[in-house]
Each structure stands twice: as C-alpha cells, then as structure tokens.
Amino acid sequence: MSDAGDDVQGGASGGGGANRNVNGIRATARGRATVPLSVLDLVTVGAGSTAHASLRTSVEIARLAESRGYHRHWVAEHHSMPGVASSSPAVILAHLAAHTSRIRLGSGGVMLPNHAPLAVAEQFGTLEALAPGRIDLGLGRAPGTDGRTAAALRGPGRLDEAADEFPRRLAELTRFLDDDFPDGHPYARVHAVPGPVQGPTGRPPLWLLGSSGFSARLAGELGLPFAYAHHFSAAGTLPALDLYRRSFRPSAVLDAPYAVIGVSALAADTEAQARAQVLTGALSMLRLRTGRPGLIPTPEEAAAYDFAPQEREFVDGWLANVVHGTPDEVRTGLDDLAKLTGADELMLTANAHGGAARLRSYELVADAYGMPVEAPPAD
C-alpha cells in the first residue's frame, strides 16, 4: 500500500473520532425487502423536456423515497451529456436537502480528479452544515465524461495522471475534512470551512465508487464502504466485490465490508410499459457509446428505431442487465441479484424518458416490498 493510502487510513481513523459522523453507512431493510434500498439519481432529461423539469422530478423522487423508507438518495456527476443534468452534485444536493428532512443525501459520485480536494471538502462541509448527519461523500476516479470534456474540466497536462495520484488526492481530501495536516505540511494552516477548525462537528463519511478493481481494492485496504456500478458494468460486479471483501481491513469507519451496487431497475403497471420505458434508456446509451449523445428519446422514437444487427446486439446485452417489468417481476429480479452478489444494499436507478415513469417505478417497488408510508414531519 502506498504512503498516500496510509495517510488516508490515518485520516479516517485519527483524532476526533467521537465527533466524526460515520452513522448512516449501514442501513436497515424496510418492509419485506431482503436488503436496504436506495436511489441513484442521474437527473435524466427526456426529449421535449427541460433540465428544470428534471430537477423538479428529482425533488419529487427524494421526497417519495424519504416517505417510503429508501435509505439514501445519491446524485452522480456527469458532464457534456445533454440527457443528464447532474453536472453539479453539490448544488443539487443542497436543493434536495432543503426539500427533505430524513433521507441521506450524497454523491454517487463526485469525480475527484476533476476537482481540487479543498474545493470538495468545502462543498461537502457546507452540505453537512446544511443537513447535519445526512450527507455521504462518494468519490470516483473516472472523469464522468469524454476525454475532451475532461481536459476542459481539469486543464492542460492532467489527463495522464498516474494511477497513484487518486490515492494521494483522496488522502489530501481526507486531511482537509478532518483538519489534521501535520505540523510543517504546506497546508497545515489551510482550513476547509465549514469544518473542524470552527469547533466539534460531524463530517460526511467517505465512500469509494468504481466499475473496476482499482477502487474495490483501495476501499478494502482503507476500510471504507464501496459502491460498484453494476448498472453499466455488470460483467465486473462479482470480481470487484470479491476483491473488495478479500482486501478489506477493519477501520474506525467499518469493522466489516459494506458494499452497495447500483442497479438499473424500472417497474411499471404492465410488462409492456416497462419494456417501452427501458428501451429509451438503452437507445440513449447506444447513442452515447457511439459518440451521439442526446436527450433521452421518447418511447415512440425508441420503438420506431431501426436497429442495425450490431446495435440490436448491444441493446439486447444492455437490457439483460436492467431489472424491469411488473412490480412482482422487479422484486424477484432484485432479490435474485442481492442473493447472487451478496450486496449489503441495492441503489436503484430508474432510467426512463419521463419523470412520471421514474416516480411511478420507485413507488411500485416500495409497494411490492410493503415498505411503509411515513408521513412527512411537521414544519
């Protein structure tokens, strides 16, 4: 393990542990769900709609998720994708925090190479001050976009950073969050504000996100929770989770591994309705993978699209990893996936053209598991 990794371990388990907010990592299943359920929100924008409408839908989903016992609502960072309006997770999370009161909110994730660690510490310190005890800081190593856009985000000379640069930046971020740079360090008198320099405070727990073995191993070695992107890299799920568990070393954060997987899942009142909706996401992903990103197509456009043989092969493969159908079919699919992977929590992303279909899906899944309806707290 590199020195940078050891620095992260020290930062995660060093002084001030009594004030550190690590609650909320492990969740409790609700209703008849076999594992806790959460939401991964891509803030998708459908053809004929707007980012304004999609962000309004995100608020509705967060409020629904809170009232039905979903454990957390995460927002993913993407750039230069017309069909995804989540380029600024911290901004969206602040908005969601203002419209909810219980559900955990977090990044799934912030792509750390795109940002200065101090800036991330300040943003999530602010979120923690706005919604104490409800914020998760999930971090990814990928750019969340194409190479040209990554260059525009990061500036010249930073696209070919060595693999060990991510652990170094992670260690730096952890030091800023804990305000514990050692004496003599160039940043010893630099403070992330809001943060511990102002007095005892909680701070968001760190998660590592990944779609390969790199972050799985690093999360295990650091004793951090791990989230795997099964929804777009299903072939690597079992190897990554196995590597995470074999690499795990207990820390002040966790005494045993805790793994979440992102799952593309959509329930509808009928199987045909679900199929029509998930086909829009499959066509959108096909266009993205072939350099033609755009708004999420309508069900009518997706149904009428004339797929070439290679395109049909891609779409069929994509849909094979999307849990979709009636509520009972989705429940069975999720239960099977939880059993196969041993995941501690499933984070559902409902990719569809319209906000109403996404909302309905989360409602139907909650109904299928008998998750309780909880009244919002009094103002």
Side-chain angles (χ1 to χ4, degrees), residues 39-58 60-61 64-65 76 78 80-86 145-146 229-235 262-334 336-337 346-368:
V39 171
L40 175 61
D41 189 359
L42 303 184
V43 197
T44 50
V45 184
S49 188
T50 64
H52 174 77
S54 295
L55 289 165
R56 189 172 64 240
T57 296
S58 290
E60 295 179 63
I61 290 174
L64 171 70
H78 295 86
S80 195
M81 296 181 187
V84 179
S86 57
T145 188
D146 59 86
H230 175 83
H231 57 295
F232 67 80
S233 189
V263 183
S264 186
L266 191 128
D269 293 292
T270 68
E271 186 176 355
Q273 289 173 348
R275 177 75 181 189
Q277 289 293 339
V278 297
L279 187 59
T280 70
L283 177 56
S284 179
M285 183 55 63
L286 171 66
R287 288 171 169 171
L288 177 65
R289 293 285 177 90
T290 54
R292 301 172 290 154
L295 301 176
I296 309 299
T298 65
E300 293 76 16
E301 181 183 358
Y305 187 87
D306 185 17
F307 291 95
Q310 284 187 321
E311 293 178 326
R312 173 57 66 184
E313 182 179 0
F314 173 87
V315 165
D316 288 345
W318 181 264
L319 291 177
N321 293 310
V322 179
V323 181
H324 63 283
T326 64
D328 286 345
E329 289 171 331
V330 170
R331 183 188 64 220
T332 298
L334 294 176
D336 289 346
L337 186 60
L346 301 181
M347 184 166 280
L348 312 184
T349 181
N351 291 331
H353 168 263
R358 296 169 63 214
L359 270 165
R360 181 66 173 154
S361 178
Y362 289 115
E363 181 180 32
L364 290 173
V365 170
D367 288 344

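The residues of the chain are indexed from 1 along the displayed sequence. Only this structure's heavy atoms are used, side chains among them; waters, hydrogens and symmetry mates stay out.
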Please find the pair of heavy atoms, one from V365 and one from A267, that lie closest to each other, and give the distance. CG2-CB, 4.0 Å

Does anything in residues 309-319 form a salt bridge (charged side-chain N to carboxylate O under 4.0 Å, His left out)? List the pairs, not counting sequence neighbours. R292-E311, R312-D316

To check you understand the geometry: which heavy-atom pair defines the closest contact between L55 and A85, and what is its length? CD2-O, 4.3 Å

Residues in salt bridge (Lys or Arg N to Asp or Glu O under 4.0 Å) with D336, at least two apart? none

Once rounded to the nearest 0.5 Å, what's the spacing between atom OG1 of T298 and atom NE2 of H353? 5.5 Å

Looking only at atom types and distance, does a side-chain atom of T280 sit under 3.5 Å from a main-chain N or O of A302, one as donor and one as acceptor? no

Got V315 and L283 here, is their nearest side-chain heavy-atom distance under 4.5 Å? no

State which residues pass side-chain contact (heavy atoms from CB on, under 4.5 Å) with S284; sequence neighbours excluded, sorted by chain then number. I296, P297

Restricting to non-hydrogen atoms, name the atom on A368 and the atom on P327 that form the minimum distance, rounded to 0.1 Å. CB-O, 3.8 Å

Looking at V43, V84, D41, which hits side-chain contact (heavy atoms from CB on, under 4.5 Å) with S54? V43

Roughly how far, to the nearest 0.5 Å, is the CZ atom of F232 from the CG atom of N351? 11.5 Å

Of all residues at least two apart in sequence or in a different chain, which pass the salt bridge (Lys or Arg N to Asp or Glu O under 4.0 Å) check with E301? R287

Which residues pass the salt bridge (Lys or Arg N to Asp or Glu O under 4.0 Å) test with R275, sequence neighbours left out? none

Shortest non-hydrogen separation from Q277 to P299 and the atoms involved: NE2-CG, 3.8 Å

Kindly compute the distance separating OG1 (T57) from CG (L64), expressed to the nearest 0.5 Å. 11.5 Å

Residues at least two apart in sequence or cross-chain that pass side-chain hydrogen bond (donor to acceptor under 3.5 Å, both in side chains) with H231, listed by chain then number, are none

So E60 and Y362, do their side chains get closer than 4.5 Å, heavy atoms only? no

At their closest point, which heavy atom of L42 faces which heavy atom of R358, and how far apart are they? N-NH2, 4.4 Å

Excluding sequence neighbours, so at least two apart, what forms side-chain contact (heavy atoms from CB on, under 4.5 Å) with A53? S49, T50, R56

Between L319 and A282, what is the shortest heavy-atom contact and its length? CD2-CB, 3.8 Å

Report the residues that fulfil side-chain contact (heavy atoms from CB on, under 4.5 Å) with A366, sequence neighbours left out, ordered by chain and then residue number. R68, Y70, M371

Identify, with sequence neighbours excluded, every residue that meets ring-ring contact (aromatic ring centres under 6.0 Å, His included) alongside F314. none

Is there side-chain contact between V330 and L364, with heavy atoms separated by less than 4.5 Å? no

Write out all pairs satisfying salt bridge (charged side-chain N to carboxylate O under 4.0 Å, His left out) with one or both partners inside residues 262-274, taking only residues at least two apart or from two chains. D269-R360

Looking only at atom types and distance, does a side-chain atom of T349 sit under 3.5 Å from a main-chain N or O of L40, one as donor and one as acceptor? yes

With T326, which residues qualify under side-chain hydrogen bond (donor to acceptor under 3.5 Å, both in side chains), at least two apart? E329

ring-ring contact (aromatic ring centres under 6.0 Å, His included) filter on F307, not counting sequence neighbours, yields Y305

Interatomic distance, CE@M81 vs CG@L295, rounded to 0.5 Å, equals 13.5 Å

